[in-house]
Amino acid sequence: MSVEKVEKIEYPFLPEGREIRYVGPDDRFMAMAKDFARSNSLDRVMPGAAVVVRDDVVLGIGANGSDYHRTHGCKRVALGCRTGEGYDLCEGCHPKNHSEASAIREAQKNGHDTAGADLYLWGHWWCCQPCWEAMVRAGISRVFLLEGSEILFNKDHPGNIVGRQFE
């Protein structure tokens with residue numbers, strides 16, 4: 001897969017003091033997130049998964065999506081909402097169904113302290129405000145994305161792989 005280099009990435013949302021870094025597809029936590037997204041994501045358009053890691057140990061893993069869209073469709077699509085907006089308008093898009101929140105819940109359900117952990121996110125090129133807020137509450141300040149994700153998973157970029165993420 002060939003990806004063009006982008007000089008400076010303008011994320012739709014990035015809180016002060018938080019950091020996004022990049023890893024290649026061979027990174028073991030990114031590969032784990034991709035495999036989990038392939039097997040567990042309920043979002044067929046933008047499948048994603050997140051892995052919460054501290055000290056090289058996986059604390060939690062979660063995928064995005066819900067069954068809501070299968071029976072009700074997406075209210076955000078019907079209303080023409082832009083990427084990153086109106087998540088609260090659609091039960092299927094609600095931030096509780098995002099992979100970041102799901103991975104954090106899984107880690108905490110298993111009794112892990114997530115303070116100081118990192119989050120590896122496959123299938124997206126940025127994290128929305130509600131997910132960053134969940135990560136801040138969980139003590140996570142660094143997110144690792146796939147190299148080139150600002151192109152690969154950006155629906156507005158002509159070089160994206162949306163719809164072909166697992167080819």
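For the numbers below, each heavy atom of this structure counts, side chains included, while hydrogens, waters and symmetry mates do not.
For Val136, the side chain to side chain contact (heavy atoms under 4.5 Å, CB included) partners are Arg18, not counting sequence neighbours. When the ring-ring contact (aromatic ring centres under 6.0 Å, His included) test is applied to Tyr120, the partners found at least two apart in sequence or on another chain are Phe29, Phe144. Under the side chain to side chain contact (heavy atoms under 4.5 Å, CB included) criterion, Ala117 pairs with Val52, Arg54, Leu59, Ile140, not counting sequence neighbours. With sequence neighbours excluded, the residues forming a side chain to side chain donor-acceptor pair (under 3.5 Å) with Asp67 are Arg70, listed by chain and number. With sequence neighbours excluded, the residues satisfying side chain to side chain donor-acceptor pair (under 3.5 Å) with Asn110 are Glu106. Remark: Glu167 engages no residue in a salt bridge (Lys or Arg N to Asp or Glu O under 4.0 Å) (not counting sequence neighbours). Shown here are the side chain to side chain donor-acceptor pair (under 3.5 Å) partners of Gln129, two or more places apart in sequence or in another chain: Glu133. The side chain to side chain contact (heavy atoms under 4.5 Å, CB included) test applied to Asp88 returns no partner, not counting sequence neighbours.
Judged as a salt bridge (Lys or Arg N to Asp or Glu O under 4.0 Å), the pairs with a partner in residues 134-145 (not counting sequence neighbours) are, in order, Asp118-Arg142. The side chain to side chain donor-acceptor pair (under 3.5 Å) pairs that include a residue from residues 92-101 are Glu91-Lys96, where partners are two or more places apart or lie in different chains. Sorted by first then second residue, the side chain to side chain donor-acceptor pair (under 3.5 Å) pairs that include residues 20-32, not counting sequence neighbours, are Tyr11-Tyr22, Glu19-Arg21, Arg28-Asp56. Sorted by first then second residue, the ring pair (Phe, Tyr, Trp, His ring centres under 6.0 Å) pairs that include residues 40-68, not counting sequence neighbours, are Tyr68-His72.
The main-chain N or O of Gly48 is found under 3.5 Å from a side-chain atom of Asn64 such that the two form a donor-acceptor pair. The backbone N or O of Glu85 lies less than 3.5 Å from a partner atom in the side chain of Arg76, making a donor-acceptor pair.
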